[in-house]
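Inspection log for the structure reproduced underneath, given as structure tokens.
Below, chain A is the first sequence line, B the second, and so on; all start at residue 1. Since this is a predicted model, take the numbers as computed values, not measurements.
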Protein chains: 2
Amino acid sequence: MSEPAATGNGRREVTVSDVAVAAGVSKATAARALGDYGAVSDAVRDRVLGAADRLGYRPNALARTMSTGRSNTLGIVVGDIENPFFAQATRGAADVAAAAGFDLILSNSDEDLETEAKAIGVQLAKRVDGLLVASASSVETENLRSVVDAGRPLVLFDRTAQGVEVDSVIAANRSGARELTSLLVDAGHRRVAFISTMTHPTDFDRSAVVATSSVAERIEGFLDALTAGGIEHPERHVHLNARREGVERMATRLLTGPEAVTAIVASDSLIALGVFRAARELGLQIPRDLSLVAFDDADWTGVATPGITVMAQPIHEIGAEAAELLIRRVRGDGRPPVTRVLKQHLVERQSVAPPASPG
Amino acid sequence: MSEPAATGNGRREVTVSDVAVAAGVSKATAARALGDYGAVSDAVRDRVLGAADRLGYRPNALARTMSTGRSNTLGIVVGDIENPFFAQATRGAADVAAAAGFDLILSNSDEDLETEAKAIGVQLAKRVDGLLVASASSVETENLRSVVDAGRPLVLFDRTAQGVEVDSVIAANRSGARELTSLLVDAGHRRVAFISTMTHPTDFDRSAVVATSSVAERIEGFLDALTAGGIEHPERHVHLNARREGVERMATRLLTGPEAVTAIVASDSLIALGVFRAARELGLQIPRDLSLVAFDDADWTGVATPGITVMAQPIHEIGAEAAELLIRRVRGDGRPPVTRVLKQHLVERQSVAPPASPG
DNA sequence: GGTTATGTTGAGACCGGTCTCAACCCGTTT
DNA sequence: AAACGGGTTGAGACCGGTCTCAACATAACC
């Protein structure tokens with residue numbers, strides 16, 4: 001290779017040194033003019049900027065990062081960017097980041113710990129200034145610890161993590177779930193199912209440690225409401241692992257047979273969609289034959305017939321707030337970690353009614 | 001400052017040199033063992049890896065990029081990650097990228113040329129190996145040229161660009177729009193509106209150059225169908241700038257008065273949602289009072305009542321295919337640029353019927 | 001035994017910026 | 001005229017990797 005350093009197509013990048021030579025000044029001076037720091041006389045600045053323009057100089061942000069130690073890049077690890085929840089949260093974070101001069105490196109974890117670990121590893125290797133993570137597990141926290149150990153600011157969103165002392169931004173899931181479920185209990189439902197896609201090694205029981213804190217909180221709220229309604233063994237109404245079985249299949253199973261439920265709490269809008277489809281497939285009318293409530297005010301919940309009653313979350317804000325906290329940390333804020341809990345709010349539509357035959 | 005180089009919290013990063021000293025070998029040898037290149041004896045490798053592990057060594061991908069010129073990072077510029085179309089395409093691209101060892105830096109352009117320019121500038125500065133762009137304009141292409149001029153591989157998705165010789169992955173929008181619109185014309189509709197949020201300086205006329213090629217193609221297909229149906233001045237049925245007026249407001253305007261349309265083609269699912277809501281607000285029944293068709297098989301189109309007939313696009317594939325082409329370029333493929341055109345397919349539901357009063 | 005091939009190692013340049021420090025210029029002060 | 005001070009400039013180290021090249025050891029060959 002005789003060429004000094006070439007890009008894919010063989011063109012060499014224009015560097016500060018090139019500009020310096022063209023402008024007849026030292027590299028240091030050219031760098032000052034181009035990087036807009038230190039003192040440079042007006043005449044020289046003009047000459048340098050002119051030369052840079054003529055040569056088509058493009059700064060190399062990586063080289064700058066090498067010497068300053070700041071990359072102006074944040075990492076964000078979400079479950080799945082196709083999930084509207086994460087898309088919205090990411091947008092919220094991206095807006096705040098962009099306004100502060102930061103970029104976002106995006107990774108999908110598919111809610112899998114190993115994938116998440118790999119993603120975090122790469123992000124750290126790329127020297128992101130900080131990391132936003134909706135961790136796949138709030139219990140197994142080695143992934144998160146590795147970030148803290150690496151000395152990188154970390155902010156959790158949507159989910160907290162046990163024993164990891166960092167900022168988090170979450171929603172008030174327990175009270176939201178309680179309120180949502182109470183709607184059903186108060187309407188007279190006794191056989192109410194809670195459905196989540198969250199993977200869990202066993203069936204749910206009271207002692208089970210549910211990995212995703214947001215789901216765990218929702219389950220608690222759900223149980224609160226059932227207990228308050230005097231329903232025995234409320235924990236047997238919690239159904240996890242819906243992804244493995246398939247949401248529609250699980251819903252179909254729960255909606256048929258002698259023990260069929262009369263109401264369902266869907267842990268997110270994607271699950272609710274599956275339930276909705278299953279109900280339609282079975283010829284069940286909502287809310288006459290089935291009452292359905294869910295988390296997240298997704299598009300379709302407002303236009304479906306009937307409209308679905310949902311617990312709306314300030315998703316955009318969750319992402320934005322998390323990014324704000326993270327940027328503050330990156331800038332050196334040393335205050336003790338905070339957990340911001342944002343309010344959810346109920347959007348009542350027409351998917352709740354008393355059960356047809358008292359259960 | 002007495003510390004050599006510190007992260008935010010003052011901890012110094014462990015480098016190859018540190019590991020080398022700990023293992024009692026030269027920096028070069030340690031680097032070979034850690035970077036898994038060149039020749040290293042097994043004994044030495046073990047010693048180095050052991051030392052690295054003990055010290056908690058984390059490679060610095062940026063430093064590697066500096067010397068190799070490869071960042072293993074791709075840039076992706078979308079209109080808005082919250083838009084399900086872009087979220088899906090991004091996911092498709094992210095999967096392919098991850099499988100090939102690449103990360104994604106994400107930017108939102110908000111369909112604005114200046115924002116897009118800034119995003120592309122930053123991505124280039126961060127030395128992405130290549131760029132995926134759904135360009136805000138297929139006509140004003142300086143943004144895209146800057147990428148080509150910088151010698152970075154570029155792949156366009158969803159939209160092409162005039163005079164920019166790069167790979168593109170798009171859908172067969174014209175024929176799709178023609179088929180979709182024909183459904184309406186064949187059902188007897190004469191007053192059919194096409195609605196897009198795309199910004200355009202004037203009202204649409206035949207000579208207008210519509211900035212976004214995918215929308216332009218859809219308009220052509222729409223006009224094809226109206227013309228084939230013998231409808232005069234079809235171009236006056238094209239309505240742009242819906243974002244400025246508000247989709248629901250525009251739909252309301254078009255659906256009322258003596259000249260009210262009896263059918264609408266929505267350029268994407270978000271617009272269709274606005275139209276759907278406006279129709280409901282006006283007390284119009286679909287398909288009795290209004291026939292509605294749209295692009296993209298969004299969640300809600302299947303569960304709304306009635307189901308909306310849509311032209312589905314292979315969105316995931318668009319993103320995946322684009323990423324594949326890009327990675328191929330990054331790896332040095334020098335073949336002439338290709339344009340991949342993916343098929344759309346019709347999903348017929350219940351939102352089309354003959355007009356109530358022949359128009 | 002000398003030469004050649006092969007494998008392993010170390011020294012040091014290099015990528016493209018930033019940053020420290022010393023040198024210098026010129027006007028002002030004493 | 002000497003000393004001082006602010007504004008500019010240049011030389012060169014540095015960030016943390018990769019990579020070339022030379023040195024050296026050992027094995028294989030004639």
- Message: As a quick check of understanding, evaluate side-chain hydrogen bond (donor to acceptor under 3.5 Å, both in side chains) for A:D129 and A:S71, giving each step before the final call.
- Response: CA-CA 6 Å; A:D129 288 334; A:S71 65; 3.2 Å; yes
Does one side chain, of B:T73 or B:K126, offer a donor that lies under 3.5 Å from an acceptor on the other?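 B:K126 and B:T73 do not have a side-chain donor-acceptor pair below 3.5 Å.
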I'd like to know if the side chain of A:T141 pairs up with that of A:Q162 as donor and acceptor (distance under 3.5 Å, no hydrogens or angles considered).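 There is no such pair (donor and acceptor under 3.5 Å, judged by atom type) between the side chains of A:T141 and A:Q162.
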Rounded to whole Å, please give me the gap between CZ in B:R127 and C1' in C:dG17.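 Taking atom C1' of C:dG17 as the reference, CZ of B:R127 is at 10 Å.
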request  = Check the distance between C:dG17's C1' and B:K126's NZ and give it to me in whole angstrom.
outcome  =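 Distance check: B:K126 NZ to C:dG17 C1' gives 15 Å.
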Polar side-chain atom of B:N60 near backbone of B:L62 as donor-acceptor pair, under 3.5 Å
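The answer is yes, because a donor-acceptor pair under 3.5 Å joins these two groups.
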Are the charged groups of [X] and [Y] less than 4.0 angstrom apart, N to O?
{"X": "B:E13", "Y": "A:R152", "result": "yes"}
{"X": "B:K118", "Y": "B:D112", "result": "no"}
{"X": "B:E111", "Y": "B:R159", "result": "yes"}

Go nucleotide by nucleotide along DNA chain C from the 5' end; which of B:T29 and B:M66 gets its closest nucleotide reached first?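 The residue whose closest nucleotide sits nearer the 5' end is B:T29.
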### Message
I'd like to check B:V166 versus B:L144 (side-chain heavy atoms, cut-off strictly below 4.5 Å). Are they in contact?
### Response
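The answer is no; the side chains never approach within 4.5 Å.
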| said: If you only use heavy atoms from C-beta on, which nucleotide in D:dG10, D:dG17, C:dT9 is closest to the side chain of B:V16? | reply: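 When the side chain of B:V16 is considered, D:dG17 is the closest of D:dG10, D:dG17, C:dT9.
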For DNA chain D, what residues of residues 55-64 of chain A have any heavy atom nearer than 4.0 Å?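 When residues 55-64 of chain A is checked for heavy atoms under 4.0 Å from DNA chain D, there are no hits whatsoever.
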| request: Would you jot down, in residue-number order, the residues of residues 39-49 of chain A having a non-hydrogen atom under 4.0 Å from DNA chain D? | output: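 Correct list: A:A39, A:V40, A:S41, A:V44.
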Exercise. Given B:R328 and B:E321, is the salt bridge (Lys or Arg N to Asp or Glu O under 4.0 Å) satisfied, shown in steps?
Worked result: CA-CA 11 Å; B:R328 200 174 299 173; B:E321 186 96 26; over 6 Å; no
Going by modelled atom types, is there a donor-acceptor pair between the base of D:dG17 and the side chain of B:K27 at under 3.5 Å?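 Such a pair exists between side chain and base.
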Exercise for the section: Mark yes or no for a side-chain to base donor-acceptor pair under 3.5 Å between B:R32 and D:dG17, with no hydrogen or angle criteria applied. Expected result: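 Not at all, since no donor on one side and acceptor on the other fall under 3.5 Å apart.
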Taking only side-chain N and O atoms of A:Y37, does any of them lie within less than 4.0 angstrom of OP1 or OP2 on C:dC19?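 No, A:Y37 has no side-chain N/O under 4.0 Å of OP1/OP2 on C:dC19.
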* Tell me whether the OP1 or OP2 atom of C:dG10 has a side-chain N or O from B:S26 closer than 4.0 Å. =>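 For C:dG10, OP1/OP2 do have a side-chain N/O of B:S26 under 4.0 Å.
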